[in-house]
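As structure tokens, the structure follows; a few thoughts come after it.
Here is the naming used below: chain letters follow the sequence lines, and residue numbers restart at 1 for every chain.
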Number of protein chains: 2
Amino acid sequence: MGNREETETRILEGVDRLIREKGFSSLGINAVARESGVSKVLIYRYFENRDGLLRTWALGKHYWNDAPGGAPSGEGVPWQERATALFEGQLDRLFGNPLLREVIRWHLSSDDPLSRDVMDRIEEKGKGLTQEFSDNLDTQEDVNAFVSLLIGGIYYLALISDKTDQFNGIPLKSDEGRTRLRDGVTRLCGLIFGEMTKKGP
Amino acid sequence: MGNREETETRILEGVDRLIREKGFSSLGINAVARESGVSKVLIYRYFENRDGLLRTWALGKHYWNDAPGGAPSGEGVPWQERATALFEGQLDRLFGNPLLREVIRWHLSSDDPLSRDVMDRIEEKGKGLTQEFSDNLDTQEDVNAFVSLLIGGIYYLALISDKTDQFNGIPLKSDEGRTRLRDGVTRLCGLIFGEMTKKGP
DNA sequence: TGACAGTGTAACCGATTGGTTACATAATGT
DNA sequence: ACATTATGTAACCAATCGGTTACACTGTCA
């Protein structure tokens, strides 16, 4: 008590907990105040209103920088391998981060432009990587379409993994399912990028 | 007035309109009554409560039977062609039916078990078709993983098409984007199912 | 000591929520 | 004609929402 910074972080931690447990739909000022054990007047005093609170929460997050960094990008690495690393990284990232899934859900269902800003930051790194593919690959194929479908598939399966145990015969909550998806992605990368070569001068 | 059936359909039509315009999140009794121009007491009288209303709405829908029927299933049709028809059908279905997308959004974000029931009916036909693949194909590949990723990708891209114009360089709201996705799916089906043959005895 | 800024709480506001009670009116069967 | 049933509306209920006002306390600087 008597410490503004501490109170602010307590509030933001409350937001964090609330989103993780109930999602964005039930994220009201009263709920945050209750969860944080803090008078809601302080929320208005320190964050102006619900929007300001959400904005400082979202923009102060480090979560969005956990993009798959394991993608090998050396000169000699074949594109198939790079793509595999990218997709497997996204798979682990999505399935391993419940808060991230909650934010995607938020973006899919709300009209709040802030959700777009946050999504942009989430996708930032991945976009740079996929850009590399379409820039450097010498192929007639629509690489962007392939990538979009695969990334989208990973997103969707991660999202419904919170709601159901199985999708199309794949157990989404077990390691077995994760492994099958991982292998499937790897196999698809082989089929798609297997014969592609670097663009000539 | 004075006609129960007519009032009931007016209410259900109001639900329909409301979901299409605002989604499930803002679907309250008061909103339905306002939208339908009907006293909310009648909603309670005829449908018991919000849950009952939603249940009769969802279970009385014909929408869920518009699954891609164009999939050729004759004996001589190659599997690659069948798969292509299945996925392209799903693509058109998802992008062409806003109400369907709202229901999927609902399922992704709510805890209501009813949403699972509705999703089961939506996926029913597709599940039967994909089951055929894993049953009849003689391959070492994890066909279910491929199918799950592709179907999921179609779902996700359709969902975000309501929120953003472009994803990964694909314009989601234009015919061009639809065509590119369609071609991408076709091409992937070629890569995946191209060499698969029917299971021998 | 006193003025003053920052931190905190309780109580209230109007609007809206899901849900109910009471009552008026129209149709129906005897 | 009369009693009963179905259809409809207005008014109300407690609870919750985002947001505000008023007031008590604590420290700091003069």
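- Applying the 4.0 Å criterion to OP1 and OP2 of dG8(D), one finds that Arg10(B) has every side-chain N and O outside that range.
- Note: Phe167(A) and Tyr155(B) have perpendicular aromatic rings, judged against thresholds of 30 and 60 degrees for the angle between ring planes.
- Side-chain proximity of Arg45(B) to dG8(D), dT7(C), dT17(C): nearest is dG8(D).
- Computed from coordinates, the Phe47(A) CZ to dG8(C) P distance equals 12 Å when rounded to whole Å.
- Between Asn49(A) and Glu5(B), the residue anchored closer to the 5' end of DNA chain D is Glu5(B), taking for each the nucleotide with the nearest heavy atom.
- Ranking dT9(C), dG19(C), dG18(D) by closeness to the Ile29(A) side chain, first place goes to dG18(D).
- Remark: P of dT7(C) and CD of Glu8(A) are 9 Å apart, rounded to the nearest angstrom.
- Put simply, Thr7(B) has no side-chain N or O that comes within less than 4.0 Å of OP1 or OP2 on dT7(D).
- One interatomic measurement links the two molecules: NZ of Lys22(B) to P of dT16(C), which rounds to 13 Å at whole-angstrom precision.
- Positionally, the nearest nucleotide of DNA chain C for Leu42(A) lies more toward the 5' end than for the other of Leu42(A) and Leu27(B).
- An OP1 or OP2 oxygen of dT21(D) is reached within less than 4.0 angstrom by no side-chain nitrogen or oxygen of Tyr44(A).
- The closest side-chain heavy-atom distance from Trp106(A) to Leu54(A) is below 4.5 Å.
- Minimum atom distance to the side chain of Val41(A) is reached by dT21(D), of the listed dT9(D), dT21(D), dT7(C).
- If you measure from atom CZ of Arg50(A) to atom P of dT20(D), you get 15 Å, rounded to the nearest angstrom.
- When the side-chain nitrogen and oxygen atoms of Asn30(A) are compared with OP1 and OP2 of dG18(D), one or more of them lie within a distance under 4.0 Å.
- Phosphate proximity of dT26(D) to Arg4(A): absent, as no side-chain N or O sits under 4.0 Å from OP1 or OP2.
- Atom CD in Glu6(B) sits about 8 Å away from atom P in dG8(D), given to the nearest Å.
- None of Leu149(B), Leu150(B), Ile151(B) except one satisfies the side-chain contact (heavy atoms from CB on, under 4.5 Å) rule with Val147(B); the exception is Ile151(B).
- Atom CG of Asn3(A) is separated from atom C1' of dC25(D) by 16 Å (rounded to the nearest Å).
- Atom pair Leu53(A):CG and dG19(D):C1' shows a separation of 14 Å (rounding to whole Å applied).
- Atoms CZ (Arg34(A)) and P (dT16(D)) sit 8 Å apart, rounded to a whole Å.
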Check: Please walk me through it: do Ile160(B) and Leu157(B) pass side-chain contact (heavy atoms from CB on, under 4.5 Å)?
Finding: CA-CA 5 Å; Ile160(B) 61 166; Leu157(B) 293 177; 4.3 Å; yes
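- Counting heavy atoms from C-beta outward, Phe47(B) and Leu12(B) have side chains that approach closer than 4.5 Å.
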